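One structure is given here, and the rest of the page talks about it.
To find a chain, count down the sequence lines: A is the first, B the second, and so on, and within it residues start at 1. Given the structure is predicted, the values throughout are model-derived calculations rather than measurements.
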There are 4 protein chains.
Amino acid sequence: MTQRKSFGSDNQAGAHGAVLSALARANLGDAVGYGDDPWTQRAAAALCTAFGARGGAFFVFTGTAANVLGLSLLLRPYEGVICADSAHVNVDECGAPERILGSKLLTVPAPDGKLTPGLISAQLADRGDEHRVQARVVTISQVTELGTCYTLAELKSLGEFCRAEKLRLYIDGARLANAAAHLGCSLADLAAQADVLSFGGTKNGAVGAEAVVVMAEELIAHVPFLRKQQGQLASKMRYLAVQFQALLDADLWLRNAAHANAMARRLADGIRGAPGVGLWQPVESNAVFASLDPAHIARLQQDWQFYVWDTTAQVVRWMTAYDTTEADVDTFVADVWRTAQA
Amino acid sequence: MTQRKSFGSDNQAGAHGAVLSALARANLGDAVGYGDDPWTQRAAAALCTAFGARGGAFFVFTGTAANVLGLSLLLRPYEGVICADSAHVNVDECGAPERILGSKLLTVPAPDGKLTPGLISAQLADRGDEHRVQARVVTISQVTELGTCYTLAELKSLGEFCRAEKLRLYIDGARLANAAAHLGCSLADLAAQADVLSFGGTKNGAVGAEAVVVMAEELIAHVPFLRKQQGQLASKMRYLAVQFQALLDADLWLRNAAHANAMARRLADGIRGAPGVGLWQPVESNAVFASLDPAHIARLQQDWQFYVWDTTAQVVRWMTAYDTTEADVDTFVADVWRTAQA
Amino acid sequence: MTQRKSFGSDNQAGAHGAVLSALARANLGDAVGYGDDPWTQRAAAALCTAFGARGGAFFVFTGTAANVLGLSLLLRPYEGVICADSAHVNVDECGAPERILGSKLLTVPAPDGKLTPGLISAQLADRGDEHRVQARVVTISQVTELGTCYTLAELKSLGEFCRAEKLRLYIDGARLANAAAHLGCSLADLAAQADVLSFGGTKNGAVGAEAVVVMAEELIAHVPFLRKQQGQLASKMRYLAVQFQALLDADLWLRNAAHANAMARRLADGIRGAPGVGLWQPVESNAVFASLDPAHIARLQQDWQFYVWDTTAQVVRWMTAYDTTEADVDTFVADVWRTAQA
Amino acid sequence: MTQRKSFGSDNQAGAHGAVLSALARANLGDAVGYGDDPWTQRAAAALCTAFGARGGAFFVFTGTAANVLGLSLLLRPYEGVICADSAHVNVDECGAPERILGSKLLTVPAPDGKLTPGLISAQLADRGDEHRVQARVVTISQVTELGTCYTLAELKSLGEFCRAEKLRLYIDGARLANAAAHLGCSLADLAAQADVLSFGGTKNGAVGAEAVVVMAEELIAHVPFLRKQQGQLASKMRYLAVQFQALLDADLWLRNAAHANAMARRLADGIRGAPGVGLWQPVESNAVFASLDPAHIARLQQDWQFYVWDTTAQVVRWMTAYDTTEADVDTFVADVWRTAQA
């Protein structure tokens, strides 16, 4: 437990009160296990409506699990996944895709974390060559690991490219809510080009819940078996489902994300002009990537929890959460200024 | 949501109030993610103490995940797992061990769900033959899938046999609490022979939490990586940990299990003598396996939720839970009698 | 090198002279690697014609590899393979199917090594249950591991059952030639019900070569990639292909198999009436399974190479090969009589 | 079959006469299968002596299979393999390492195909972080895919670095013979720093045979099982073993490699000064990487078989083999000049 508000990660925040209340409300009597209960059916239906999904929505426990399950719907054993080299599936999942799917990741350097048709094209030269893994899925993160967002136009262009090239599109949506808030669009707008995507609850105020949203009906028959095999079938499913219901009710998910984004904006605005402090990426979500002097980083970390993103580039990542207050930001900004001017 | 108390499974019960309260208490401020928080450290330490484990205790989300993680600590790719043919890992995990571990299960018919040194021996003939999977781990369930318990003497004999044969012993403890309550022994007594075991929280009143307890220190270095790779690393780990803390406090786990066992005992006693109703297995936990006429099964299922275990043998499984009341049991027993005498 | 003819296995025989000659003939100048050469194309086409395959024929190095490649064409990760408990894939491949495919084998006790629609049916109860591996492929061995053959009527009945139940049929044909010789039918007759099958060259006089024959066109697109990924793509493919060409030319494969079968028949006839010697299985190929006194087994093994199949049942396996002579058999038979009467 | 000598790959050459003769000599009578025969034991012992290996030598069929088997001895599931981005395991094995081992490759851009301690260091930052694959094995190719060789001093420096960092060193030696010939050193010199390495026979005049040489005794217990599970256990092993025996006898392997290298040297010398033709990499084995005008590439390919290595850089690869003659080279060189001057 940190005394001051953490800027380390949005998953260091606790759960929103509405989520805990929903758990308590669901705790009445028995429910058939494994999702055959009214809470799960209602929440899944609500997600399908929100995403415009003809397939279905399925709850799992972690972001890594959501990505592995989602990708496992789309791949044969010899097929590969094109992703940015900074992608969570490539960097932060301890090799789960390779180990659980057996698939190779075909990584592309992407300075702003975003793939483009041009970057993807370069990975398609070897199609048909039996010595080479066959590219089959493109996966993007929305919000990216660098805090940037694909615009709707960029998504459309990627979707069209993928369909033309017979590639499937998977979206890692651990922070999809923040993208919707930033772009001012609906979840359905974000999902329109995707075959499968994840929708993160944990970083948006849940205790711990992620959803895999399957857009096309023909893919869903496999999900129950793959989810079970991958250790992600909750027996008391209602407690996952109601977390999402709480976030969906009255668009709490959007309010949480919009607030977190606004706090990142406030932070970025606050440090503008501080000597030696620069923004490394545009602020398009609840992350601020800033470069500053290593000595200043060290001094700030004495009092504040945040991560150094890149030691050689001297870049830090400051994350805000749904429960970060204006006062939290202002105190932190003042400390950044004090440090920078020392 | 079933109106009458379900006898379908102990995972159809809700969560114990103390578990929900613990979630609320943990929901204060920020915590570093992935288990580097005081709640997780306290609960893990408490589990190690209770089990006499020099290694560590690690939280995961489901029983299948606990089994896969536990077994993955003990196996090389060409090594196999000896288990009863009725074992959960063999029957009820959609092939997760084969798929995630790549390991073959070497199954042994065991009429009461229990392995013996003699039954295991028969699987050891091919050691050293490169054409054959090499037996390396023995896995038992305590309570077994048939509701029976290994006595401490049986466990000791299995442990000695395994050590003599250089086999590792894994215990699937999804209902370990019920075994401790039945045998009147400690968790450390149950764990004494094992290399790794799971300890189920979900069926004991948790929202959803299982622990993997690693007895020996030399095995734990691998756990964090394997848990992450298998999609089981909770970012907001505190909410898993405090569920176990709530169950450990004042031995709630034991009281829950003892109560569920007593209700099964009451049920079994209640139906004794009902025409055409027989016990298929001794009642040594919170499960009653009974054989009865298919027509009577169908009639009872109109009003009550429970599963037919074996259609050809006409065996049903009635599970009790920590929150099954004497009145629940008595109403059900009366219905069994009414049906049996119809 | 054994002095006397081995009855241990048909893979202990050397290569047929025609196969070695074919290797020498193919050793002229360069050839494009990986199968894009005239020898490979001719041999693959000849196999397709012989089997009536619209798909294709693909060469690999070992029987285990052929089975794994063949099955990998037919399975999704959560789907299982129904097989006899004595099947080579279950017993003799060191867990390759579980490890490489990730699939569970659903084994059926089959006293004569042969599956029937009835035996298969018992494995289909759990279809649709997400906790259970979903049966998708039936694999049979023709000749079986117990030396028995499915009749064409039995094959037809299995094929019809599989199609009705939406199950795929894979045939492990490591000794398919011996089955054709025994049944007096064509390879196409044997393949008619199968989706994919293997055709063994190694036990039929090759240096080392197996073929995977894919009956249906829609499956072949995946083969090149899966074969490469599984380490079975020969760079100098012509040397695999010409082995099969040599066996196909003038039906050498059939003559080799018919001769081996005749030698087994001669052996079985020869020992008829020897005291304490019984046939354990009907002789329908080049294997004789006999039961005899353990002391007699030990005495015979001092002079002859063969394997004890089942120590508790005191059953031995005597295999003949394409190059076993009548004199070899007669000398051995005389020794069996001498031992039995001692 | 190409009319003119192919410069496409050393695996397009046929087998050396001595190898075919050895096959014929081994084709006498029966031999116990799976390697328990005198030919296999002799050849394995000869390889161990040549490499100074205390462990053992094991025969497999393909280079991909050798790499997968070798790496599988050295890795736990969550451990990764550091390799050059141009490595065969990364580019040319259709994802076999990811699929069969489940391991992630941690690739490093290496302009000349060679890793250095400095390049490897950059991959070690995340050791101990459970979110990241843990680097455990360094794999290098000797000769590299770009035709370059590590010097003995470079190997020593890599070996010392790996031991200091507790990393294992695997050498992909598909063209190890060419490296020995180029460096004028023994196989033992090349193997001295490695834990496991492969030794290619196929590109050196074999019909098709590769060896996995295990330097340390403590690793070999696992090999037989892993080889079988990976589909690489030859039943008629003698025919793999004698190919290596033929190459080892009177250092045929070295004479073959030295000749191929000399032909590459002759080719490189011959084209020196041809207009618009440049060497892209130093010639340190049997490969010549040259850059030339795309129109000239196309014209040459009308008459000659070779591969374009890099379309954007306009680089071609010309490989020589053990049976490439001086006349073959001179004719080709003349054509290059003619084309370049056209």
*Can you find a side-chain donor-acceptor pair between S6(A) and Q305(A) that sits under 3.5 Å?*
no
*Donor-acceptor side-chain pairing of Q281(A) and D112(A) below 3.5 angstrom*: no
*Greatest number of heavy atom pairs closer than 4.5 Å to chain A - which of N90(D), T312(D), D126(D)*: N90(D)
*Is L69(D) close to Q232(D) at the side-chain level, that is, under 4.5 Å between some pair of heavy atoms?*
no
_Smallest separation among heavy atoms of S198(A) and L176(A), with atom names_ = O-CD2, 4.1 Å
*Given salt bridge (charged side-chain N to carboxylate O under 4.0 Å, His left out), test E165(D) with R127(D) step by step and report yes or no.*
CA-CA 11 Å; E165(D) 291 286 354; R127(D) 291 183 120 178; 3.2 Å; yes
Interface moiety of [X] toward chain D, non-hydrogen atoms closer than 4.5 Å:
{"X": "E130(A)", "answer": "backbone"}
{"X": "D129(A)", "answer": "neither"}
{"X": "I100(A)", "answer": "neither"}

*Who wins among R99(A), K104(A), H88(A) for the most heavy-atom pairs under 4.5 Å with chain D?*
K104(A)
